[in-house]
Number of protein chains: 2
Amino acid sequence: MSSASTITTSNATASTSEEAGSAAQRDRRKRILDATFALATEGGFDAVQMRAVAEKADVALGTLYRYFPSKVHLLVSALARVLERTETNTRAHEVPGDTSADRVIFVMKRITRGMQGDPRLTEALTRAFMFADASVAQEIHVVGTHLTSILTHAIRPDADEATPEDVVIARVIGDVWLSALVAWVTGRSTAAQTGSHLETAIALLLRD
Amino acid sequence: MSSASTITTSNATASTSEEAGSAAQRDRRKRILDATFALATEGGFDAVQMRAVAEKADVALGTLYRYFPSKVHLLVSALARVLERTETNTRAHEVPGDTSADRVIFVMKRITRGMQGDPRLTEALTRAFMFADASVAQEIHVVGTHLTSILTHAIRPDADEATPEDVVIARVIGDVWLSALVAWVTGRSTAAQTGSHLETAIALLLRD
DNA sequence: GCCATAATAGGAACACGTTCCAGTTTGTGC
DNA sequence: GCACAAACTGGAACGTGTTCCTATTATGGC
């Protein structure tokens, strides 16, 4: 287990967006996701083996598949949980910075730093997200919504609702961020290059 | 087989960038890639099964793995072949458009239209590219090089060499394009939305 | 409390990517 | 041509994601 995990993966008083089912079901779902985080943090995508997740979560393999219909669904749901909490945190505190660009850079750098602190977990989540096919569209949409929301909030913290222009820019930044993450995960670029690329892109997009 | 394939996958007088080995070896490599295109065009990522590729290319499974050490290597190499030819075509003819943005939009729309004409092939290539891990870094780098070259050429057709600024912008556009492709492949956005998103991003990035 | 139904456990079975091996063919230096 | 190395064939075997099945255990209505 990594000693100084930077990505929050445990919850005290579970209060996630999508709640359904009995307490036992929520508990199983949580145990499964916890096991997923633990295995992914230790060994990345390959270490998240469905049999291992089931055993660690103390559920049968069939039960695991009842909750998450595939390994990719499982990992994308895990990514959604990470971003959901990031969104909550971001909205709870004021984002520092005088310009949109500064605030967005601040937020994205914090997320990126967090993910780079858990490289194997990041690899697992990123690759799953990118490998997803149409059947995972719903889970992916949740991830995209959180990401866009985090970014539009950083662009215009006072607004209740984001303008269409902001949403477009936020999406582009999200695209660049994901691509940068993929490049970093696959060893094509260093952490420094990733940060610099992201910063340049944000400066280009928010230069008004 | 799709009747009006828009992505060029056949070559008359093979003259690719990376040539090595005997004629027989080049022939095998070509047969393998041809089989890959055929299977991917018909059934997408899942239909590109290593045993099926080997059989269609008339080589043993072990030989296939000698040429391409994994399914992802195989598909990313196929993507590299597509982009290599696109680059050749793009550089052969003058790109229409008065501004950088117009030219880039023209080029990207042509590529995008081509890929959308072969949705299953596109799905196979895109997902493989995105799923690649560090061991595929070399093949991925080839893809990135071609893409950047296509884009910098569209931005500044007369220049012999791209400026660092152009390269950065080209990379960002490439990032957006890939993300848009993923969104389209996974059914999260329509072809029209993909084109519009790309166009907006390019306009934002090349608005000077 | 009792029944009907759904959910879970436990594990076998299957598919496909990947590895490995023994035997055969092809290519190369002499 | 010959000897040797490299490449190729055909196929078995293994690991992991996924599916399926039966027995057992919670759950909710009466």
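Proteins get letters first, then strands, A, B, ... in listed order; numbering begins at 1 in each. The structure presented is a predicted model; accordingly, all values stated were derived computationally and were not measured.
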d(Thr148(B) OG1, Arg171(B) CZ) to nearest 0.5 Å is 5.5 Å

Mind checking the CE-CG spacing from Met130(A) to Leu181(A)? Nearest 0.5 Å is all I need. 7.5 Å

Return a single string for nucleotides 9-18 of chain D, one symbol per nucleotide in 5' to 3' order, where B is base contact, S is sugar-phosphate-only contact and - is none, cutoff 4.0 angstrom on heavy atoms. BB--B--BBB

What's Tyr67(A) touching, base or sugar-phosphate or nothing? Going by heavy atoms closer than 4.0 Å. sugar-phosphate

In this structure, is the centre-to-centre distance between the rings of Phe131(A) and Phe45(B) below 6.0 Å? yes

Relative orientation of the end axes in the helix from dG1(C)-dC30(D) to dC30(C)-dG1(D), expressed as an angle to the nearest 10° (five pairs per end): 30°

For Asp34(A), run the salt bridge (Lys or Arg N to Asp or Glu O under 4.0 Å) check against Arg29(A), Arg81(A), Lys56(A) and tell me which one passes. Arg81(A)

For atom CZ of Arg120(A), is the number of surrounding heavy atoms from other residues, nucleotides or ligands below 6.0 Å larger than 12? no

For the CD atom on Gln193(B), are there more than 12 heavy atoms of other groups (residues, nucleotides or ligands in this structure) within a distance under 6.0 Å? yes

Could you walk me through whether Asp27(B) and Arg31(B) satisfy the salt bridge (Lys or Arg N to Asp or Glu O under 4.0 Å) test, starting with their C-alpha distance in whole Å, then the side-chain angles of each, then the deciding distance to 0.1 Å, before giving a yes or no? CA-CA 6 Å; Asp27(B) 190 51; Arg31(B) 286 211 311 275; 2.8 Å; yes

Thr126(B) (side chain) donor-acceptor with Glu123(B) (main chain) under 3.5 angstrom: no

Donor-acceptor pair, Thr186(A) side chain versus Ala183(A) backbone, under 3.5 Å? yes

Which is the 5'-most and which the 3'-most nucleotide of DNA chain C that has an atom under 4.0 Å from a heavy atom of chain B? dC16(C) to dT19(C)

Rounded to whole Å, please give me the gap between CZ in Arg66(A) and C1' in dA26(D). 13 Å

Give the C-alpha distance, both sets of side-chain angles, the deciding distance and a yes or no for salt bridge (Lys or Arg N to Asp or Glu O under 4.0 Å) between Glu55(A) and Arg51(A). CA-CA 6 Å; Glu55(A) 192 180 355; Arg51(A) 290 173 180 86; over 6 Å; no

